*Asks:* 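The structure is given below, and queries will be raised subsequently.
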2 protein chains.
Amino acid sequence: MKPSIPKGTRDFSSSEVAKRNYIFNIIRHSFENFGFQPIETPSFEKSSTLMGKYGEEGDRLIFKILNSGNFLFEKNTIELPDSYEKIKHNSLDDLETSEKIELNKFTNRISTKALRYDLTVPFARYVVQHQNDITFPFKRYQIQPVWRADKPQKGRFREFYQCDADVVGSKSLVQEVEFVQLYDTVFSKLGLVGTTIKINNRKILSGIAEVIGASDKLIDFTVALDKLDKIGKEGVVKEMLEKGISEAAIEKVDPLFNFSGTNQDKLVSLEEMLKDSEEGIQGVNDLRTVVNMIEELGLTSATLELDVTLARGLNYYTGAIYEVAAPKGVKMGSIGGGGRYDDLTGIFGLKDVSGVGISFGLDRIYLVMEELNLFEAVELPKPKVLFMNFDESQSLSKIKAIKELRNNNIKSELYPDVAGSIKQQKKQWKYATNREIDFVVTDIENGTLVVKNMKAGEQFNCTVNELINKLQ
Amino acid sequence: MKPSIPKGTRDFSSSEVAKRNYIFNIIRHSFENFGFQPIETPSFEKSSTLMGKYGEEGDRLIFKILNSGNFLFEKNTIELPDSYEKIKHNSLDDLETSEKIELNKFTNRISTKALRYDLTVPFARYVVQHQNDITFPFKRYQIQPVWRADKPQKGRFREFYQCDADVVGSKSLVQEVEFVQLYDTVFSKLGLVGTTIKINNRKILSGIAEVIGASDKLIDFTVALDKLDKIGKEGVVKEMLEKGISEAAIEKVDPLFNFSGTNQDKLVSLEEMLKDSEEGIQGVNDLRTVVNMIEELGLTSATLELDVTLARGLNYYTGAIYEVAAPKGVKMGSIGGGGRYDDLTGIFGLKDVSGVGISFGLDRIYLVMEELNLFEAVELPKPKVLFMNFDESQSLSKIKAIKELRNNNIKSELYPDVAGSIKQQKKQWKYATNREIDFVVTDIENGTLVVKNMKAGEQFNCTVNELINKLQ
């Protein structure tokens, strides 16, 4: 039986590891350059830390770890709770509260630990647990894998990395400006020219809800408006009416249907539209501060776009909302996102700590860079110089030469087995070709190396020091 | 309720992450310098890949992941197998084979995936699964966490990193020389002067068993001999006799009791002692090749020591055996180990692939370096320059200056919130002190920064460019 790995997981070959590390290193370097400091949390947390933090859908997607030892109980049958029977063909939503508690107790008997589902909840737990050792405002970054029992599909895996930067303990808009700069910096360094950093503010959305007199219909409204490109104004209005938003309300926000022009134009429109909503005006002012600062500072390769339909994570973001779109022409969902949440650590008992943060989607960034051929600069992990092993009597001299090369940080190696035949010599040449080695040393005599430049196809003689000088 | 993490796991603060990365980077750089290429495997594997590969003790220490969805079955009670009842108060060893199979089936119904227990078995699985894409000999390295449900204690955790380098598809002794060099290189670069790289060979141990006519008593013999330092020759001989090794047999290997002198002296002794064992003599020749080459090449800071009591992993190593001891004076178990195994991939159906590899114990290396104060060179992740935020009207000029500094890779940040009072200004100074910031900019006016050197306590004025030049 051929061995294989669980669905939704991946092996990474050397060149894949090298390309992924190239992205990680640029993100890490930029995070630190912006003053963020790294932390790491365990791969698994207590179930009580994670459960109930991601909604019922999230709870279901958390990988639980079986208690070690005798995880079941004293008698030799287990009665499953009725609730267990019930969820076999229904959703968790159909359970009564008491049934949920019962099911939860049952699960706890066999599992009390679970794999990290995201980096935000463990970070909140970390902040509360270590609050006395942390200097606030706390600017932390975290680059670690997370696990989700999601249905695997293209670009969606059961094990994947998140790269998060967050600031907690400050409500300053300066941070919101910095995150725009941080996105621009990372994507520019990656050579990913032409990304669009979309920005919105929860207060704008609340203001719209207030103006149309329908706070409960905000999501319906936003979802409909988001389709403007595809179904036109007529289609959007039809959908809004169907959802029970009144004609008079739609009238009030009419400018949203022609929402084009510069960010400044949009701000003027919004200000007029939301003039009767205090919260809405606050949102306009917040966004204007960010837009103005970014106009003063300039961006290297990204464009900042005020997008009033942007509503990701609407249920927990309370201020700025970010999302980054890949360069036009590349078919890919968002490659980054984030926002401000005013009560990050409240779930663990520490009140009034505001946080704002962004995340980079490594796997999608990887796919986009692959499509745009942006990995050419990545040095693949292979030796620069391979010493052939045709003659055992030369082994020691060759190993000595290799030591010198390595001392000068020139990756090199000796083919391990001595070739006892022409066939085995051919095997060594094939190895050099397969690994795309640049320089092959066939012989060494009295300190002179016989070197073949594999790309140019030419051969030359030199000393070890000459080779070092040539390759440095 | 104060949040906490599962026992045996750890949070890492910024300075801990920085120090750990310092070690990782040196190991990674050296691995690549020696021609090893990275791979990564998923955090969890199919249970069938892992179970049965580490002995029964190992199987018990593997963390199993609960099947997602409806992991139990169609009716609402589960009958536990009799074997389950039996292991509640006994060990797995007490089960009949049929009971083990039954228990295994039961476990499979609730769990089919498990967290990686080490890097060697997933590597073997990788080699077999990707054998058509791999160029042999395959020199791979892998730096990833592993998980074990072991009883946590000082220096032993339930989640910890392994750093492995292995070569598969070659039986050459050149590799065994290279691993000695690799250990010496890494520990020298870490500043860990005075490590002892102990080396032995399975064939020597087999030879001894042959000579004393007791292949089945080899482990008893080695364990007793290992106590020579503590209980003296008399004590060791007593223990050997108790274990049923004959006086005549002990006589034959008498030189082992005075096994001192240089590695060459030891080789001469061994050659004489093992002259009647073909395998033993082969072991002497192998070790001599390695010892001679290392004498020719020299080591930077480590000492190579032939240690005939070294028997770690005796059940799977077939050739060289390595272990590294921390510098004398530091109380710590081995900080590295490895060896040759002749049938790494056989368990997955690919026969006759010989492997040899070594591992670095990150957590122990960390503890040793901490004890010896070897982390002074590590740059902690914090901004070099902090801009105070006392006057909102200066924000934009300060953010512009920060952008210039960052473009020149000088980590810097603006304190996010504007100080509206003396008390809030003090908070910013406290922040600078707590984070041990080197340079604080209080004001910017007409392009001139007012900078305070926090270490020297002195204040000076300069332009952004002058500050960049000063700090680069």
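By convention in this document, chain letters (A, B, ...) are assigned in the order of the sequence lines, proteins followed by strands, and residues within each chain are numbered from 1. These values consider heavy atoms only, across backbone and side chains, with no hydrogens, waters or symmetry-generated copies. Predicted model, so just to flag it, every value in this text is computed and none were measured.
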*Asks:* Using a 4.5 angstrom heavy-atom cutoff, name the option from B/Thr9, B/Ile65, B/Asn434, B/Ile5 with the most pairs to chain A.
*Replies:*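 The option with the most such pairs is B/Ile5.
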*Asks:* Answer with side chain, backbone, both or neither: which region of B/Glu178 has an atom nearer than 4.5 Å to a non-hydrogen atom of chain A?
*Replies:*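 Just the side chain, heavy atoms under 4.5 Å.
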*Asks:* If you compare all heavy atoms of B/Arg406 against all heavy atoms of A/Asn33, which two are closest, and at what distance to 0.1 Å?
*Replies:*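 Smallest heavy-atom distance, with atoms named: O-ND2, 2.9 Å.
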*Asks:* Heavy atoms only, distances under 4.5 angstrom: which of B/Met293, B/Gln175, B/Glu296 has the most pairs with chain A? Name it, please.
*Replies:*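 The answer is B/Glu296.
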*Asks:* For A/Ile410, is it the side chain, the backbone, both, or neither that has a heavy atom closer than 4.5 Å to a heavy atom of chain B?
*Replies:*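 Just the backbone, heavy atoms under 4.5 Å.
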*Asks:* Return the minimal non-hydrogen interatomic distance between B/Pro137 and A/Tyr431, and the atom names on each side.
*Replies:*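 In terms of heavy atoms, the two residues are closest at O-CE1, 3.3 Å.
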*Asks:* Mind ranking A/Ser30, A/Gly35, A/Pro145 by heavy-atom pairs under 4.5 Å with chain B and telling me who comes out on top?
*Replies:*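 With the most close heavy-atom pairs to chain B, the winner is A/Gly35.
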*Asks:* Please state whether the side chain, the backbone, both or neither of B/Lys113 comes within less than 4.5 Å of a heavy atom of chain A.
*Replies:*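 Interface part for B/Lys113: side chain.
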*Asks:* Given the options A/Asn409, A/Thr49, A/Leu414, A/Val128, which has more heavy-atom pairs under 4.5 Å with chain B than any of the others?
*Replies:*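 Heavy-atom pair counts peak at A/Asn409.
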*Asks:* With a 4.5 angstrom heavy-atom cut-off, which part of B/Lys382 approaches chain A: side chain, backbone, both or neither?
*Replies:*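 Contact with chain A involves no heavy atom of B/Lys382 at all.
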*Asks:* Walk me through whether B/Tyr126 and A/Ser13 qualify under side-chain contact (heavy atoms from CB on, under 4.5 Å).
*Replies:* CA-CA 10 Å; B/Tyr126 181 99; A/Ser13 71; 3.8 Å; yes
*Asks:* Between A/Asn21, A/Val17, A/Asn389, who has the most heavy-atom pairs with chain B when the cutoff is under 4.5 Å?
*Replies:*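 The answer is A/Val17.
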*Asks:* When heavy-atom pairs shorter than 4.5 Å are enumerated against chain B, which of A/Gly169, A/Ser395, A/Ala18, A/Pro381 gives the highest number?
*Replies:*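 Winner by heavy-atom pair count: A/Pro381.
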*Asks:* Give the member of A/Phe136, A/Tyr141, A/Phe36, A/Phe63 that has the highest number of heavy-atom pairs under 4.5 Å with chain B.
*Replies:*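 Looking at each option in turn, the highest pair count goes to A/Phe63.
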*Asks:* Considering residues at least two apart in sequence or located in another chain, which fulfil the side chain to side chain contact (heavy atoms under 4.5 Å, CB included) criterion with A/Ser172?
*Replies:*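 A/Ser172 satisfies side chain to side chain contact (heavy atoms under 4.5 Å, CB included) with A/Ser170, A/Val174, B/Pro416, B/Asp417 once adjacent residues are dropped.
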*Asks:* Check whether B/Thr185 gets within reach of chain A through its side chain, its backbone, both or neither, counting any heavy atom under 4.5 Å.
*Replies:*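 Contact with chain A: none, neither part.
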*Asks:* Is it the side chain or the backbone of B/Phe31 that comes within 4.5 Å of chain A heavy atoms, both, or neither?
*Replies:*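 Neither part.
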*Asks:* Going by the rule side chain to side chain contact (heavy atoms under 4.5 Å, CB included), which residues pair with B/Ala432 if we only count those two or more places apart in sequence or in a different chain?
*Replies:*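 Only B/Leu386, B/Met388, B/Ile437, B/Val440, B/Met454 meet the side chain to side chain contact (heavy atoms under 4.5 Å, CB included) criterion with B/Ala432.
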*Asks:* For B/Arg125, is it the side chain, the backbone, both, or neither that has a heavy atom closer than 4.5 Å to a heavy atom of chain A?
*Replies:*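 For B/Arg125, heavy atoms of backbone and side chain both lie under 4.5 Å from chain A.
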*Asks:* Hey, could you give me the NZ/CG distance between A/Lys2 and B/Leu350, rounded to the nearest 0.5 Å?
*Replies:*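 Result: 11.5 Å between the selected atoms.
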*Asks:* Heavy atoms only, distances under 4.5 angstrom: which of A/Glu16, A/Arg20, A/His29, A/Lys430 has the most pairs with chain B? Name it, please.
*Replies:*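 Most pairs with chain B among the choices: A/His29.
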*Asks:* At under 4.5 Å between heavy atoms, what parts of residues 37-45 of chain A are in contact with chain B? List them by residue number.
*Replies:*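 Hits under 4.5 Å: A/Gln37, A/Pro38, A/Ile39, A/Glu40, A/Thr41, A/Pro42, A/Ser43, A/Phe44, A/Glu45.
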*Asks:* Select one option (side chain, backbone, both, neither) describing which atoms of B/Leu173 are under 4.5 Å from chain A's heavy atoms.
*Replies:*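 It is neither, since no heavy atom gets under 4.5 Å.
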*Asks:* Considering only heavy atoms, which portion of B/Lys139 lies under 4.5 Å from any heavy atom of chain A: side chain, backbone, both, or neither?
*Replies:*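 Looking at B/Lys139, just its side chain touches chain A.
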*Asks:* So which of B/Val418, B/Thr135, B/Ile402 has the biggest tally of heavy-atom pairs under 4.5 Å with chain A?
*Replies:*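 Going by pairs under 4.5 Å, I would pick B/Thr135.
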*Asks:* Can you name the residues that form a ring pair (Phe, Tyr, Trp, His ring centres under 6.0 Å) with A/Phe123, not counting sequence neighbours?
*Replies:*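 Residues passing ring pair (Phe, Tyr, Trp, His ring centres under 6.0 Å) with A/Phe123: none at all.
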*Asks:* State, with a plain yes or no, whether a side-chain heavy atom of B/Asn292 is found less than 4.5 Å away from one of A/Leu396.
*Replies:*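 The answer is no, as the side chains (C-beta and beyond) never meet within the 4.5 Å cut-off.
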*Asks:* Counting heavy-atom pairs closer than 4.5 Å to chain A, which one of B/Lys384, B/Lys64, B/Lys403, B/Gln129 comes out on top?
*Replies:*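 So the answer, after comparing B/Lys384, B/Lys64, B/Lys403, B/Gln129, is B/Gln129.
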*Asks:* Calculate, to the nearest 0.5 Å, the distance between atoms CD and CZ belonging to B/Gln142 and A/Phe12 respectively.
*Replies:*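 Nearest 0.5 Å value for the CD-CZ distance: 12.0 Å.
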*Asks:* Between A/Ser4 and B/Lys46, what is the shortest heavy-atom contact and its length?
*Replies:*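 Closest pair (atom of A/Ser4, atom of B/Lys46, distance): OG-NZ, 2.6 Å.
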*Asks:* Is the CD atom of A/Glu392 crowded by more than 12 outside heavy atoms at less than 6.0 Å?
*Replies:*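 Counting other residues, nucleotides and ligands, CD of A/Glu392 stays at 12 neighbours or fewer.
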*Asks:* Heavy-atom distances under 4.5 Å only: say whether B/Lys7 touches chain A with side chain, backbone, both or neither.
*Replies:*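 Answer is neither: B/Lys7 stays 4.5 Å or more from chain A.
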*Asks:* Checking A/Gln181 against B/Ile399 for the side-chain contact (heavy atoms from CB on, under 4.5 Å) test, could you report, in this order, the C-alpha distance in whole Å, the side-chain angles of both residues, the deciding distance, and whether it holds?
*Replies:* CA-CA 11 Å; A/Gln181 290 186 293; B/Ile399 294 176; 4.0 Å; yes
*Asks:* Could you measure the distance from the OG1 atom of A/Thr300 to the CG atom of B/Asn407? Nearest 0.5 Å is fine.
*Replies:*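 Going from OG1 on A/Thr300 over to CG on B/Asn407, the span is 7.0 Å.
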*Asks:* Just wondering, are more than 12 heavy atoms of other shown residues or ligands nearer than 6.0 Å to NZ in A/Lys171?
*Replies:*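 Result for NZ/A/Lys171: open.
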